[in-house]
Undergrad: 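Quick one: this structure, given as structure tokens, is what I'll be asking you about.
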Amino acid sequence: AGLDAAARAMLEAGATGVVMDFGGQVLRAGQHDAPGNYDIAAPDDRLRGVVRVSVDSGSLATTANSERRFQVGDRSLGHILDPRTGRPAADFGSVTVWAIDAFTADCLSTGLFVMGPDVALAWAEQHEGVEVLVLVVSADAAKPQLTARMTSGMRDRVTALVPEITLQ
């Protein structure tokens, strides 16, 4: 909500285009000469971009457990809780949401992460004005695989940055 309010204030003050990039979330508002390209990090390494998403306007928000994990005995748990169980949500990778405003994108990225990849993608396909990119890390520790799954409206916006990712 703060990003949306800041963008409105800048536009009302005379800015023609606004871009705010906070790492896990970006907001583009107003007029721009060209789309913005934003790298989405690997779920397990925030410093390594694995796909690039191109957007004209709106907000991209990503939710993952990569930065806020904790150990309980020999288990590593994420900080995102599933309100249905009170336990940490399944940690499959990350969810990036595009929506017209930052508040919606941020809220949905967390909620859809809790839902899991299949339900998140199905939900987004049924809701106009929301696009989703899910990065899934395979559970095979010997040779982890990274897959990018996305809604139909995201397909023309996503480009692989690393050879080991599969786009679906």
Undergrad: Treat each ILVMFWY residue as a node, draw an edge where side-chain heavy atoms are under 4.5 Å apart, and state whether V132 and V55 are in one component.
TA: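 No: no chain of side-chain contacts under 4.5 Å links V132 to V55.
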
Undergrad: Is there a path of hydrophobic side-chain contacts, each under 4.5 Å between heavy atoms of I, L, V, M, F, W or Y residues, that connects V162 with V158?
TA: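 Linked, V162 and V158 end up in one cluster.
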
Undergrad: Is the shortest heavy-atom distance from the side chain of V130 to the side chain of E128 under 4.5 Å?
TA: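 Result no, sub-4.5 Å side-chain heavy-atom pair not found.
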
Undergrad: Strictly by modelled atom types, are T16 and Q31 linked by a side-chain donor-acceptor pair under 3.5 Å?
TA: no

Undergrad: Go through L108 and W123 one step at a time and tell me if the side chain to side chain contact (heavy atoms under 4.5 Å, CB included) criterion holds.
TA: CA-CA 11 Å; L108 285 177; W123 186 93; 3.7 Å; yes

Undergrad: Could you check whether any side-chain N or O of W98 sits under 3.5 Å from a backbone N or O of S57, counting only pairs where one atom can act as donor and the other as acceptor?
TA: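 Indeed, once roles are kept as given, a pair shorter than 3.5 Å links the two residues.
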
Undergrad: What heavy-atom pair brings Q25 and A105 nearest, and what distance separates the two atoms?
TA: NE2-CB, 4.2 Å

Undergrad: Any carboxylate oxygen within less than 4.0 angstrom of a Lys/Arg side-chain nitrogen, looking at R52 and D39?
TA: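 A salt bridge is present here (some side-chain N lies under 4.0 Å from a carboxylate O).
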
Undergrad: With heavy-atom distances below 4.5 Å as the criterion, would you say the side chains of P83 and V114 are in contact?
TA: yes

Undergrad: Show the numbers, then the answer: is there a side chain to side chain contact (heavy atoms under 4.5 Å, CB included) between D118 and R149?
TA: CA-CA 9 Å; D118 294 334; R149 298 173 59 195; 2.8 Å; yes

Undergrad: Would L167 end up clustered with V137 when hydrophobic side chains under 4.5 Å apart are linked, directly or stepwise?
TA: yes

Undergrad: Of all residues at least two apart in sequence or in a different chain, which pass the salt bridge (Lys or Arg N to Asp or Glu O under 4.0 Å) check with E125?
TA: none

Undergrad: Evaluate the side-chain proximity of Q145 to I165: yes if any heavy-atom separation is below 4.5 Å, no if none is.
TA: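 The answer is no, as the side chains (C-beta and beyond) never meet within the 4.5 Å cut-off.
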
Undergrad: Measuring from atom CG of L3 to atom CZ of F22, what distance do you get when rounded to the nearest 0.5 angstrom?
TA: 5.0 Å

Undergrad: Just jot down the salt bridge (Lys or Arg N to Asp or Glu O under 4.0 Å) partners of R157, sequence neighbours excluded, or say none.
TA: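 None.
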
Undergrad: Are any side-chain N or O atoms of S94 and backbone N or O atoms of A64, one a donor and one an acceptor, separated by less than 3.5 Å?
TA: no

Undergrad: Measure the shortest side-chain to side-chain distance between D106 and S109 over non-hydrogen atoms and say whether it is less than 4.5 angstrom.
TA: yes

Undergrad: So, T166 and T147: side-chain donor and acceptor under 3.5 Å apart, yes or no?
TA: no

Undergrad: In Å, rounded to the nearest 0.5 Å, how long is the span from OG of S152 to CD of E131?
TA: 6.0 Å

Undergrad: Hey, could you give me the CG/CG distance between L112 and L133, rounded to the nearest 0.5 Å?
TA: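 Result: 12.0 Å between the selected atoms.
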
Undergrad: Measuring from atom CD of Q126 to atom OG1 of T151, what distance do you get when rounded to the nearest 0.5 angstrom?
TA: 11.5 Å

Undergrad: Side chain to side chain contact (heavy atoms under 4.5 Å, CB included), that's the test. Do V18 and L27 meet it? Break it down for me.
TA: CA-CA 8 Å; V18 174; L27 174 64; 6.0 Å; no

Undergrad: Among L121, V97, T96, which residue meets the side-chain contact (heavy atoms from CB on, under 4.5 Å) test with V134?
TA: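 Per the side-chain contact (heavy atoms from CB on, under 4.5 Å) rule, the option paired with V134 is L121, out of L121, V97, T96.
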
Undergrad: Find the distance between CG (D101) and CG (D4) and round it off to the nearest 0.5 Å.
TA: 4.5 Å

Undergrad: So do the side chains of L135 and F92 get within less than 4.5 Å of each other, counting heavy atoms only?
TA: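 No, side chains not in contact.
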
Undergrad: If only atom types and distance count, is the side chain of R28 paired as donor or acceptor with the main-chain N or O of L60 below 3.5 Å?
TA: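 Not confirmed, R28 side chain does not pair with L60 backbone.
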
Undergrad: Is the closest side-chain donor-acceptor distance between H32 and D56 under 3.5 Å?
TA: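 Their side chains do not contain a donor-acceptor pair, so the 3.5 Å distance test is not met.
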
Undergrad: Considering all heavy atoms of both residues, which atom of A148 and which atom of V51 are nearest to each other, and what is their separation?
TA: CB-CG1, 4.4 Å

Undergrad: Roughly how far, to the nearest 0.5 Å, is CG of L146 from CD of E164?
TA: 7.0 Å

Undergrad: Mind running side chain to side chain contact (heavy atoms under 4.5 Å, CB included) on H79 and N65 for me, showing each step along the way?
TA: CA-CA 6 Å; H79 72 287; N65 275 314; 3.1 Å; yes

Undergrad: Are Y38 and I100 linked, directly or through intermediate hydrophobic residues, by side-chain heavy-atom contacts shorter than 4.5 Å (ILVMFWY only)?
TA: yes

Undergrad: Please tell me if the side chains of M20 and M10 come closer than 4.5 Å, counting only heavy atoms from C-beta onward.
TA: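 Result yes, sub-4.5 Å side-chain heavy-atom pair found.
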
Undergrad: Can you find a heavy atom in the side chain of V50 that is under 4.5 Å from one in the side chain of I40?
TA: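 Sidechains of I40 and V50: no contact.
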
Undergrad: Would you please name every residue forming a side chain to side chain donor-acceptor pair (under 3.5 Å) with D21, sequence neighbours left out?
TA: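 Scan of D21 (side chain to side chain donor-acceptor pair (under 3.5 Å), adjacent residues dropped) gives none.
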
Undergrad: For the residue pair L11 and A29, what are the closest heavy atoms and their distance?
TA: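 Nearest pair, atom of L11 first, then A29: CD1-CB, 4.0 Å.
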
